Amino acid sequence: MGEVQPAPSRPRLQAGRIRPRFLGWVLLLANLLALSAAVIFGWQAWLRLGELQDQARAARSTAASLHQLGIRDPRALSTRLARAQADLTSLRSSLSRADPLADVGEVWSAAGGAGLTVQSLQVGTPKAVRGFSELPLTVQLTGSPAGLLAFIRTVEHGPRLATVSLPTLPLSGAKVSVAVRVSFFSRGGKA
């Protein structure tokens with residue numbers, strides 16, 4: 001019989017040589033990792049692109065709305081918003097709780113500032129009107145028609161929400177005498 005020959009073994013790695021099969025697996029794994037990273041980062045970029053497109057659509061819609069309102073400059077919008085906020089704050093402060101003494105003083109000083117003489121002043125009973133409290137005052141005033149108009153403007157543009165009504169507006173003659181009803185409004189009335 002002869003000599004027994006050992007079974008052929010796989011060649012071992014020699015210095016500087018890598019098996020082709022091992023190299024193929026390493027390259028496949030590296031490609032899979034690179035593809036996974038590309039998918040992850042690509043997905044995030046796609047989501048971010050969608051967000052940016054949504055923001056661009058919203059900005060175009062806002063710009064179209066502002067254009068329809070006649071606002072071409074965003075600074076003008078911020079100025080208008082600041083003015084509206086100031087008006088809202090002023091309105092809220094003008095609807096503070098009623099102080100009859102302050103309201104009488106305001107009517108008295110408005111009449112004096114307009115050059116009118118107060119003949120009589122009657123304070124009515126406060127009443128609830130649509131969620132507000134109304135304090136009616138009736139004032140008999142004497143003076144010029146121009147002074148009467150100045151009085152009305154001063155009271156209606158004063159620090160409190162007020163309305164002024166007269167039975168008739170006498171605009172002729174150098175001196176007029178008229179009864180004016182002034183109503184001051186404040187929050188807190190029952191409807």
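All values reported here derive from a predicted model rather than from experimental measurement.
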Are V107 and V118 side-chain neighbours, meaning at least one heavy-atom pair lies under 4.5 Å?
no
Do Q119 and T117 come within less than 4.5 Å of each other through their side chains, counting heavy atoms only?
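Sidechains of T117 and Q119: in contact.
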Mind checking what makes side chain to side chain donor-acceptor pair (under 3.5 Å) contact with [X], not counting sequence neighbours?
X: R60; answer: none
X: E51; answer: R48
X: N31; answer: none

Considering all heavy atoms of both residues, which atom of [X] and which atom of [Y] are nearest to each other, and what is their separation?
X: P126; Y: L135; value: CG-CD1, 3.8 Å
X: T142; Y: K175; value: CG2-CE, 3.2 Å
X: A114; Y: F151; value: CB-N, 3.7 Å
X: S177; Y: Q140; value: OG-NE2, 2.9 Å

Quick one: pull up CG in L148 and CG in L166 and give me the separation to the nearest 0.5 Å.
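Output value for this atom pair is 6.0 Å.
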Quick one: CG on L52 to CG on L47, what's the gap to the nearest 0.5 Å?
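L52 CG to L47 CG: 11.0 Å, rounded to 0.5 Å.
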Under the salt bridge (Lys or Arg N to Asp or Glu O under 4.0 Å) test, residues paired with R181 that sit two or more places apart
E134
Are the side chain of T62 and the backbone of A58 linked by a donor-acceptor contact shorter than 3.5 Å?
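Judged by distance alone, yes, a pair lies under 3.5 Å.
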V139 pairs by side-chain contact (heavy atoms from CB on, under 4.5 Å) with which of L121, V155, L116?
L121
Can you list everything that forms a side chain to side chain contact (heavy atoms under 4.5 Å, CB included) with T163? Sequence neighbours excluded, please.
S183, F185
Shared-cluster residues of W25, by chain and number - hydrophobic side chains joined below 4.5 Å
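Reading the cluster by chain and number, W25 sits alongside L28, L32.
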